[in-house]
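A short worksheet on the structure shown next.
Note that ligands are numbered from 1 as they come in the structure, with each ligand's atoms numbered from 1 the same way.
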Amino acid sequence: MEASFFSLLSKTPSQLFRNFQALILLISILLLLWPSSSSLSVAAAAAAVNLEAEALLTWKATLQNQHQFNYHPLSSWSAQTSPCAWFGIFCNNQGSIANITLVGTGLKATLEVFSFSSFPNLVSLNLQNNSLYGPIPSHIANLSKLSFLDLSLNGFYGSIPSEIGSLVRLSSLSFTSNNLNGSIPTSFANLTQLLSLGLDRNQLSGYIPQEIGKLASLTTLDFTLNKITGPIQAGIGNLTNLSILRLGWNNLYGPIPEELGLLRGLVKLDLSTNNLTGEIPAYLGNLTLLDNLFLSSNKLSGNIPSELGKLTSLSDFQLYTNRLTGPIPPSIGNLSRLNMLAFSGNQLSGSLPPDICIGGVLKVFTAYNNSLTGPIPRSLKNCSTLTRLRLEKNQLTGNISQDLGVYPDLNYADLSDNKLQGELRSWNWGSLYNLSTLKLARNNISGEIPAEVGKAPHLNLLDLSSNRLTGLIPGELSQLRLYSLSLNGNLLYGHLPPRLGNLSYLEYLNLAANNLNSSIPNELGNCTKLLSLNLSTNQLTGFVPPEIGDLKALMSLDLSHNFLTADIPREIGGLLFLIKARKASTGNEYLQVFAIWTDEAALTYESIIQATESFDSRHQIGSGSSGSVYKAALQSTTKQNQVVAVKKLHDQSGEGVERLKANWRAFRSEIRALTNIKHRNIVKLYGFFSNAQHSLLVYEFMERGSLRSVLDDAEKAKELDWEDRVKIVKGIASALSYMHHDCRPPIVHRDISSNNVLLDLDFEAKLSDFGTARLLRPDDRVSTTSFAAGTYGYMAPERAYSKKVDEKWDVYGFGVVALEVIIGKHPGDLISSLTTTTKTTSPSSFSSPPHPTLLKDIIDDRITQPGEDGEVAKGVFAIAKFALACVRAEPSSRPTMQEVTMDMVTFAIPPLTQPFSQVSLEELFALVD
Ligand SMILES: *[C@@H]1O[C@H](CO)[C@@H](O)[C@H](O)[C@H]1NC(C)=O
Ligand SMILES: *[C@@H]1O[C@H](CO)[C@@H](O)[C@H](O)[C@H]1NC(C)=O
Ligand SMILES: *[C@@H]1O[C@H](CO)[C@@H](O)[C@H](O)[C@H]1NC(C)=O
Ligand SMILES: *[C@@H]1O[C@H](CO)[C@@H](O)[C@H](O)[C@H]1NC(C)=O
Ligand SMILES: *[C@@H]1O[C@H](CO)[C@@H](O)[C@H](O)[C@H]1NC(C)=O
Ligand SMILES: *[C@@H]1O[C@H](CO)[C@@H](O)[C@H](O)[C@H]1NC(C)=O
């Protein structure tokens with residue numbers, strides 16, 4: 001019997017099943033041996049589990065970021081253990097996997113190799129909050145028992161496979177927060193057991209399928225934040241089990257269907273931020289369980305139906321930014337659970353409902369930007385729960401001094417732009433414990449600003465501008481941590497309290513258009529964060545205190561229309577200083593100062609005037625086509641004394657300066673760009689300053705002055721050996737290459753000359769005046785005036801006829817300067833003579849010129865010859881070669897500065913093919929092509 005049992009087992013199942021008797025026998029044996037189980041089903045189950053385990057391990061092998069985990073969350077997944085013991089895996093009683101839950105485990109992979117068909121018993125698949133990506137595979141539809149599917153918070157993209165529609169047992173489906181696109185498949189209509197459907201926060205487009213009405217079990221439907229278009233299907237009215245319906249932030253249009261009024265169980269309804277039109281259906285008043293109703297940011301018109309007053313469970317009600325007209329129905333006062341009511345940005349008229357805070361739980365009430373009239377409702381006056389109140393831009397009237405209660409939680413209140421009257425005196429300022437912003441601008445508030453204002457401990461923005469406030473500015477304001485204070489446009493008089501200097505957080509101060517009649521207190525200089533200061537149109541007297549000049553952050557200052565004495569104009573932090581002098585006696589209507597300083601130098605106008613003794617000639621170190629240069633040793637208390645070079649532009653009344661003043665904004669941003677340039681061979685620009693007397697450019701100081709001044713001085717020129725000279729030319733080339741090829745847009749210098757090449761102690765060359773030539777003369781007509789943006793003798797010949805600014809202008813100038821470096825003086829006629837000579841040595845002529853010009857004969861003989869073939873000889877040869885190519889008459893035949901740098905700086909210069917002393921200029925000219 002045992003033998004036959006084992007021989008039976010050794011046969012295949014199909015053979016077994018053919019033999020009915022054997023089958024009966026087998027069953028009876030099995031029942032005898034294992035009364036409660038069956039060895040075959042265990043074996044089959046084991047095989048199935050092996051298949052499941054293999055499928056999971058195959059997928060695990062595709063995870064991309066396993067190395068990121070010291071302890072991998074899936075480390076328990078191994079072939080040695082049963083998958084039922086693995087992390088995130090749960091089996092049913094038969095030992096088959098029923099539930100996979102891998103939430104927030106950092107998994108990064110696609111589902112492409114995930115063998116869904118290996119999991120016939122999977123009921124729940126939860127892969128929420130990982131880094132899974134790629135398309136959702138259509139074979140996910142093989143999970144025929146699946147009831148729970150959550151792939152939210154991953155990076156899945158592509159469209160939703162329509163095969164999902166065959167997962168008819170699904171009760172919960174979430175694809176929230178992925179990048180899915182395409183439309184919602186109509187096959188979803190099959191998912192009639194679905195309770196919850198979350199497709200929000202994707203890129204889904206197309207219409208809501210009409211079949212949606214068939215998902216009769218749905219309690220939650222969320223399509224928020226997609227690109228779904230078309231109308232809201234009336235069929236949604238069939239989904240009578242819905243308690244949450246969110247369709248906000250899509251492109252839905254058309255009316256709100258009345259059928260939504262059938263969704264009696266609805267607790268949350270969000271249709272906000274779409275293009276919905278038409279009126280709000282009165283039927284929505286039937287949704288008496290509603291807690292949230294969001295219809296904001298649509299194009300809804302008509303009146304607010306009074307039936308909405310039946311929504312007595314409503315706590316958050318948002319209708320802002322629509323086209324609603326008419327009054328706010330008094331029935332809204334019945335909504336006693338209201339926490340938040342947002343009606344702003346409509347065209348609502350009439351008065352506010354008197355009982356708006358009747359429930360005593362209202363926190364946020366916004367109705368700004370409407371046409372509301374009448375008084376602030378009585379129930380708001382003791383609405384102590386308020387945190388945010390915005391009623392600005394209406395036509396509210398009435399007296400605000402009466403019965404204002406205590407608002408311990410109120411944080412933000414704006415009642416500006418109404419017609420409110422009354423005084424601030426009777427307010428319980430000390431109870432405004434959390435108030436940070438109070439705006440009452442442009443009303444009809446009278447009386448004095450009470451000293452008690454100082455008791456609202458967290459007030460940091462106070463705007464009482466354009467009212468009829470009178471009296472003094474209370475010094476108690478200085479107890480607050482204000483960053484913005486606007487009291488302009490009132491009837492305040494008396495002095496400006498010096499205590500305002502304690503407002504060390506203050507960024508914005510506007511006291512303009514009052515009757516203040518003191519001097520400006522020095523203490524204002526302590527408000528070091530001030531960005532904007534407006535004291536204009538008062539009766540202020542005396543000097544502008546120098547401390548105002550220390551306000552480095554200041555971007556805007558207006559002291560005009562006062563009786564201030566402004567003998568010394570000051571540069572203020574970088575912008576415009578406007579004093580308009582009521583005294584008719586002075587000729588100067590405006591004193592304007594424009595200044596841009598970088599932080600690298602401790603610069604002020606005074607320090608420059610002081611250091612140069614008002615530009616005394618003793619401090620002058622040079623002069624060029626656009627200005628004279630002075631050395632200024634700045635005295636600094638904080639930093640080490642610093643030496644800068646100050647270029648004082650000629651022609652202060654000239655059109656260049658006028659133009660920059662007219663285009664100050666553009667000029668400022670260009671100067672800023674230039675001050676940001678950092679290159680070893682470009683002189684650092686620290687800033688620009690202009691007032692009625694002077695326009696100044698301030699540069700890094702270069703100890704050895706200009707290349708011209710060194711070459712012109714016999715003693716200094718001797719110090720400049722060939723190695724230094726090669727280094728100088730390479731430096732100029734690399735500066736120009738940087739400006740032409742590495743800056744976007746390219747910057748053309750326009751005025752390369754030996755005057756604009758400066759040398760530091762190590763004879764490192766630095767180009768100066770980059771970009772400023774263009775700024776001062778944007779259309780760059782070649783002219784003989786001192787403002788010509790080019791220096792005679794260095795200007796490319798085509799500039800006589802072409803206005804189009806071109807990098808090749810600089811290439812030409814570079815060629816001239818390079819020749820100057822090796823010749824020791826400006827090449828003068830050499831260039832034109834060489835051009836003529838080479839014309840006559842064209843192949844058609846029968847002889848070489850009688851006397852070739854040898855390179856050795858024209859180079860600077862104040863220093864020893866560079867030798868016949870060493871590094872120095874090679875360098876001088878290369879300079880001559882490139883210089884001659886750069887001064888070619890035809891611009892297109894000149895090399896680019898990039899080519900020059902590549903050959904001279906980047907790569908080694910090739911050895912000479914003949915002794916240096918035999919090289920002729922004519923040969924060099926012919927060499928380069
Ligand atoms: C699901 O819906 C599609 C189209 O709506 C239909 O063709 C298909 O037969 C349905 N599948 C099941 C399993 O009900
Ligand atoms: C809504 O339900 C009715 C009745 O149950 C049904 O006839 C109709 O087809 C459904 N509408 C939609 C759009 O599913
Ligand atoms: C639903 O609202 C409409 C419009 O307000 C109303 O006519 C109807 O009586 C309401 N139905 C129920 C059952 O309250
Ligand atoms: C406001 O005052 C009214 C009447 O004086 C009172 O009925 C109501 O409860 C008060 N509300 C709050 C929030 O204190
Ligand atoms: C106020 O309403 C007007 C017109 O209704 C609109 O143009 C403006 O943008 C709104 N302003 C704000 C701040 O909502
Ligand atoms: C401003 O309020 C006063 C009363 O304080 C009133 O006489 C005057 O008419 C109001 N002005 C405006 C423009 O409403």
I need the atoms of ligand 3 closer than 4.0 Å to a non-hydrogen atom of [X], numbered in the order shown.
| X | value |
| --- | --- |
| Glu307 | 5 (O) |
| Arg264 | 11 (N), 12 (C), 13 (C) |
| Tyr283 | 1 (C), 2 (O), 3 (C) |

Quiz item: Which residue holds the protein heavy atom closest to atom 9 (O) of ligand 3, what is that atom called, and what is the gap in Å?
Solution: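 In this structure, atom 9 (O) of ligand 3 has Asn286 OD1, 5.0 Å as its nearest protein heavy atom.
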Quiz item: Considering only the protein, which heavy-atom contact is closest to atom 8 (C) of ligand 6, and what is its distance?
Solution: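 The answer is Asn444 ND2, 3.5 Å.
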Quiz item: Would atom 11 (N) of ligand 3 count as contacted, meaning some protein heavy atom under 4.0 Å?
Solution: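 Yes, there is a protein heavy atom closer to it than 4.0 Å.
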Exercise. Establish whether atom 2 (O) of ligand 6 and some protein heavy atom are separated by less than 4.0 angstrom.
Key: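 It does: a protein heavy atom is found less than 4.0 Å away from atom 2 (O) of ligand 6.
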Exercise. Could you tell me whether Glu258 approaches ligand 3 through its side chain, its backbone, both or neither, with non-hydrogen atoms closer than 4.0 Å?
Key: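 Neither part.
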State the [atom1]-[atom2] distance between [X] and [Y], to the nearest 0.5 angstrom.
| X | Y | atom1 | atom2 | value |
| --- | --- | --- | --- | --- |
| Ile356 | Ile376 | CD1 | CD1 | 12.0 Å |
| Phe148 | Ser174 | CZ | OG | 7.5 Å |
| Leu215 | Ser196 | CG | OG | 11.5 Å |

Quiz prompt | Closest approach of Pro498 to Glu523 (non-hydrogen atoms, all atoms of both residues) | solution =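 Of all heavy-atom pairs spanning Pro498 and Glu523, the closest is O-CB, 3.3 Å.
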Exercise. Considering non-hydrogen atoms only, spot the tightest contact between Pro305 and Ala282 and give its length.
Key: CB-CA, 4.1 Å
Practice problem: Could you list which atoms of ligand 6 come closer than 4.0 Å to a heavy atom of Gln421? | Solution: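 Answer, ordered by atom number: 2 (O), 4 (C), 5 (O).
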Quiz prompt | Geometric N/O contact Ser446 with ligand 6, under 3.5 angstrom | solution =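 No, since none of the N or O atoms of Ser446 sits under 3.5 Å from an N or O of ligand 6.
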Quiz item: Which one of Tyr320, Phe317, Tyr368 satisfies the ring-ring contact (aromatic ring centres under 6.0 Å, His included) criterion with Phe343?
Solution: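 Of all the options given, the one that passes is Phe317.
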Quiz item: Does the distance from a Lys or Arg side-chain N to an Asp or Glu carboxylate O, for Arg442 and Asp417, drop under 4.0 Å?
Solution: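 Asp417 and Arg442: salt-bridged.
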Quiz item: Among Glu423, Arg468, Lys419, which one has a heavy atom closest to atom 5 (O) of ligand 6?
Solution: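 Looking at heavy atoms only, the winner is Arg468.
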Quiz item: Can you tell me if Asp355 and Ser379 form a side-chain donor-acceptor pair at under 3.5 Å?
Solution: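 There is no such pair (donor and acceptor under 3.5 Å, judged by atom type) between the side chains of Asp355 and Ser379.
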